[in-house]
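Please read all numbers here as calculations on a predicted model, not as lab measurements.
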Amino acid sequence: YQEEIDSLNQVARHRPRSSLVLGIQQENRQIRELQQENKELRTSLDEHQSALELIMTKYREQVFRLLMSSKREDPAIVTQLKEQHTTEMQAHIDKINEMASVMRKAIEVDEGRTCEDEERIKQLELENSGLRELLGISREAFLILKREDPSENTSLSPLLTSADVSLRKS
């Protein structure tokens, strides 16, 4: 029992009962107000939908009468409406085709850049390996020179040490 009371007090953040009850009452009031507003909105929505259905029914009747009268009098109007619809559809199709061609071009450009980047990376790797090879050759030549000329040994040792350190780092 005490554990449940402690857990409820933690949830309530040790506030007095009166403040909790007041908070609940305020929330209940807000909930009732929101429910009332929801009912009013739903009623308004239903009214708008019924009005829109009535308007659309009248519109459909008028269009039907117009088409029926135009069929009797002039079949050219129906043909004109069909042609207009066809041209609108063709315009949409043209736009879609244009967008597709733009996308294809973007893909081609992107693939071209990828190939260029790969080629550049290969060139840099080849250059890097060549430079490392040259560095190794110059290091070996320097070591051989150092062994052969002991008089310059003291003056070249700092250079050799820094060259060896930089070579080991790379």
Side-chain angles (χ1 to χ4, degrees), residues 1-133 135 165-170:
Y1 174 76
Q2 187 63 34
E3 289 176 8
E4 289 183 14
I5 289 176
D6 290 338
S7 67
L8 289 174
N9 280 336
Q10 285 178 349
V11 170
R13 297 185 188 114
H14 299 286
R15 292 183 291 182
R17 183 175 182 213
S18 61
S19 67
L20 291 174
V21 170
L22 182 64
I24 291 171
Q25 288 175 346
Q26 289 175 347
E27 287 178 5
N28 283 339
R29 203 173 315 119
Q30 289 174 346
I31 289 172
R32 279 190 225 108
E33 290 172 2
L34 289 173
Q35 286 174 341
Q36 181 62 32
E37 184 180 353
N38 193 12
K39 286 178 187 177
E40 292 172 4
L41 289 172
R42 192 168 282 135
T43 304
S44 176
L45 178 64
D46 290 339
E47 290 173 0
H48 281 87
Q49 283 180 339
S50 64
L52 186 60
E53 287 175 7
L54 178 64
I55 291 170
M56 288 306 295
T57 303
K58 295 290 182 181
Y59 173 77
R60 288 183 191 112
E61 289 174 4
Q62 292 296 326
V63 169
F64 180 74
R65 287 182 193 155
L66 177 66
L67 286 176
M68 293 312 271
S69 67
S70 67
K71 275 187 175 182
R72 287 184 216 137
E73 296 175 8
D74 190 14
I77 294 176
V78 176
T79 307
Q80 182 183 4
L81 289 174
K82 286 181 182 179
E83 288 174 1
Q84 182 182 1
H85 179 70
T86 304
T87 56
E88 289 174 359
M89 289 299 290
Q90 187 61 41
H92 289 296
I93 290 170
D94 291 342
K95 284 183 182 178
I96 290 171
N97 287 335
E98 183 181 346
M99 285 187 269
S101 66
V102 168
M103 286 182 203
R104 277 191 215 103
K105 287 179 184 177
I107 289 170
E108 290 172 4
V109 167
D110 190 40
E111 287 176 355
R113 286 185 183 161
T114 302
C115 292
E116 290 174 4
D117 290 346
E118 289 175 1
E119 288 178 20
R120 180 71 178 149
I121 289 171
K122 288 179 183 178
Q123 288 175 350
L124 290 173
E125 287 175 347
L126 182 64
E127 183 181 344
N128 189 5
S129 65
L131 289 173
R132 287 183 184 270
E133 186 178 327
L135 183 64
V165 170
S166 66
L167 183 61
R168 287 182 185 140
K169 285 181 182 177
S170 64

Do Leu34 and Asn38 come close enough that some side-chain heavy atom pair is under 4.5 Å? no
More than 12 heavy atoms of other residues, nucleotides or ligands under 6.0 Å from CD of Glu61: yes or no? yes
Pairwise distance CD(Glu53) to NE2(His48) - rounded to 0.5 angstrom: 13.5 Å
Could you tell me the separation between the CD atom of Glu27 and the CG atom of Leu22, rounded to the nearest 0.5 Å? 10.5 Å
Surrounding CD of Glu133 (heavy atoms of other residues, nucleotides or ligands, distance under 6.0 Å), is the total greater than 12? no
For the atom pair OG (Ser7) and CD (Gln2), what is the distance rounded to the nearest 0.5 Å? 10.0 Å
To the nearest 0.5 Å, what is the distance between CD (Glu83) and CD (Gln90)? 13.5 Å
CZ/Arg60 to CD1/Ile55 distance, rounded to the nearest 0.5 angstrom? 11.5 Å
Are more than 12 heavy atoms, taken from residues, nucleotides or ligands other than Gln26, located less than 6.0 Å from that residue's CD atom? yes
May I ask you to check whether over 12 heavy atoms, not counting those of Gln36, lie within 6.0 Å of atom CD? yes
Side chains of Asp46 and Gln49: closer than 4.5 Å at any heavy-atom pair? yes
Would you say Leu126 and Gln123 make side-chain contact, with heavy atoms under 4.5 Å? no
If you define the side chain from C-beta out and look only at heavy atoms, does anything of Leu66 sit under 4.5 Å from Gln62? no
To the nearest 0.5 Å, what is the distance between CD1 on Ile121 and CG on Asp117? 6.0 Å
